[in-house]
Amino acid sequence: MRVATWNINSIRARTDRAVAFLERTGVDVLALQETKVKDAAFPREPFEALGYEVVTHGFSQWNGVAILSRVGVQDVEVGFPGMPTWGDPAAAEARALGATCGGVRVWSLYVPNGREIDDPHYAYKLAWLGALRDAAAGWLEADPQAQTALVGDWNIAPLDTDVWDVDFFAGRTHVTPAEREAFAAFAHAGWTEVSREHVPAEHTYTYWDYQQLRFPKNQGMRIDLTYATPALAARVQGVTIERQERKGKQPSDHVPVVLDLAD
DNA sequence: ATGACATGTAAAACATGA
């Protein structure tokens, strides 16, 4: 089975690219982030025509997550228990969607950006990650044999070599010790970040800004990552970062990451 | 060539992204 994650930066702007990606790779489950569309306007038909079931969670133009699966979709869960809220009035954002597909529990996650270190959004990001860690620790404790994947855009570069120039990021989000500790806390709870295990090369990125020729210069960040439970990590045979998806017309600024699972 | 921001909302300029 193949499971992929992709921050697509608007599903309506890139429906054709998503369809072509599924046809080319044969991915069975695709977790999307930043769909930027309310549920009623999600372009379901092209995917259903390919044999995928479509579950979505989105409000208007911000955030938005979805899961496409051709191996079944069960026990859909919008948000995770204890997920922090944002805004005034405070509301849950469309950043987490869980579903069991082909026996694997998949969570499509769009971690808050954080904006600036002194912005309230940064504290929200850390609280969101802490609450997710607590939920995830509970899931694994309740079922040590669980096959669960936390996939998506974590908006954290765990290592200095996950960005092109650490000096550029000095004083900015994505690389602070607090964010890295919040990320490492999942490993301390027994989860394994499987993309690094299978693609260990340094300066291998999943995101390149649209500005400043970041992609041609290969000035990117590795921030689209996958934490797996031990039982699922043992099934991962390979990971592919689909760098070619950053090329061509109207790409997302992120590329898909594909996991190959043993049967 | 992989090329110099992009998206949705709303109807111009703005919030957001990282």
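Order of the sequence lines fixes the chain letters, A, B, ..., with proteins taken first and strands second; residue numbering starts at 1 for each chain. A quick note: this is a predicted structure, and the numbers were derived from the prediction, not measured. Values below: every heavy atom of this structure, side chains too, minus hydrogens, waters and symmetry copies.
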What pairs meet the salt bridge (charged side-chain N to carboxylate O under 4.0 Å, His left out) rule with one or both residues in residues 244-258 of chain A, with sequence neighbours excluded?
A:Arg17-A:Glu245, A:Arg24-A:Glu245
Length of the CZ-P vector between A:Arg214 and B:dC5, whole Å
10 Å
For atom CG of A:Asp253 and atom P of B:dA4, their distance in whole Å
14 Å
Please state how far atom NZ in A:Lys125 lies from atom P in B:dT16, giving the value in whole angstrom units.
16 Å
Report yes if at least one side-chain N or O of A:His121 is closer than 4.0 Å to OP1 or OP2 of B:dA18; otherwise report no.
no
Which whole number of Å gives the distance between the C1' atom of B:dA4 and that of B:dG8?
23 Å
To the nearest angstrom, how far is A:Trp208 atom CH2 from B:dT2 atom P?
14 Å
Value in whole Å for how far the C1' atom of B:dA18 lies from CG of A:Asn63:
14 Å
Using the ring of each side chain (for Trp, its six-membered ring), is A:Tyr207 parallel, tilted or perpendicular to A:His254, with breaks at 30° and 60°?
tilted
How long is the line joining CD of A:Gln33 and P of B:dA6, in whole Å?
21 Å
Please determine if a side-chain N or O atom of A:Arg115 lies less than 4.0 Å away from the OP1 or OP2 oxygen of B:dT16.
yes
Enumerate all atom pairs, one protein N or O and one N or O from nucleotides 7-10 of chain B, separated by less than 3.5 Å.
from  : atom 1 : to       : atom 2 : distance (Å)
B:dT7 : OP1    : A:Arg14  : NH1    : 3.2
B:dT7 : OP1    : A:Gln250 : NE2    : 3.3
B:dT7 : O3'    : A:Ser10  : OG     : 3.2
B:dG8 : OP1    : A:Ser10  : OG     : 2.5

Under the side-chain contact (heavy atoms from CB on, under 4.5 Å) test, residues paired with A:Asn218 that sit two or more places apart
A:Tyr205, A:Trp208, A:Arg243
Within the 4.0 Å heavy-atom criterion, would you say A:Asp119 contacts the bases, only the backbone, or no part of the nucleic acid?
nothing
A:Trp62: which other cluster members, linking ILVMFWY side chains closer than 4.5 Å, directly or transitively?
none
Compare side-chain N and O positions of A:Tyr110 against OP1 and OP2 of B:dA18 and report whether any pair is under 4.0 Å apart.
yes
Grab the OH-C1' distance between A:Tyr122 and B:dG17 for me, whole Å please.
17 Å
Expressed in whole Å, how much space separates the C1' atoms belonging to B:dA10 and B:dC14?
10 Å
Quick one: is A:Arg222 getting a side-chain N or O under 4.0 Å of the B:dA18 phosphate, OP1 or OP2?
no
Enumerate the salt bridge (charged side-chain N to carboxylate O under 4.0 Å, His left out) contacts for residues 84-106 of chain A, please, sequence neighbours excluded, ordered by first and then second residue.
A:Glu77-A:Arg105, A:Glu93-A:Arg95
Side-chain donor/acceptor of A:Glu179 to backbone N/O of A:His174, under 3.5 Å
yes
Please collect all salt bridge (charged side-chain N to carboxylate O under 4.0 Å, His left out) contacts where either partner lies in residues 191-202 of chain A, sequence neighbours excluded, each pair once.
A:Asp162-A:Arg196
Interface with DNA chain B, restricted to residues 154-179 of chain A and to heavy atoms under 4.0 Å:
A:Asn155, A:His174
Using whole Å, report how far CH2 of A:Trp86 lies from C1' of B:dA15.
13 Å
Qualifying salt bridge (charged side-chain N to carboxylate O under 4.0 Å, His left out) pairs with a residue from residues 49-69 of chain A, counting only residues at least two apart or across chains:
none
Could I get the full list of salt bridge (Lys or Arg N to Asp or Glu O under 4.0 Å) partners for A:Arg44, not counting sequence neighbours?
A:Glu48
Using the P atom in both, what is the distance from B:dT2 to B:dG17, to the nearest Å?
30 Å
Closest-nucleotide mapping onto DNA chain B: is A:Pro112 or A:Phe215 further toward the 5' terminus? I mean the 5' end.
A:Phe215
Is it the case that the side chain of A:Arg14 and the backbone of A:Asn9 share a donor-acceptor pair, with hydrogens and angles ignored and the cut-off at 3.5 Å?
yes
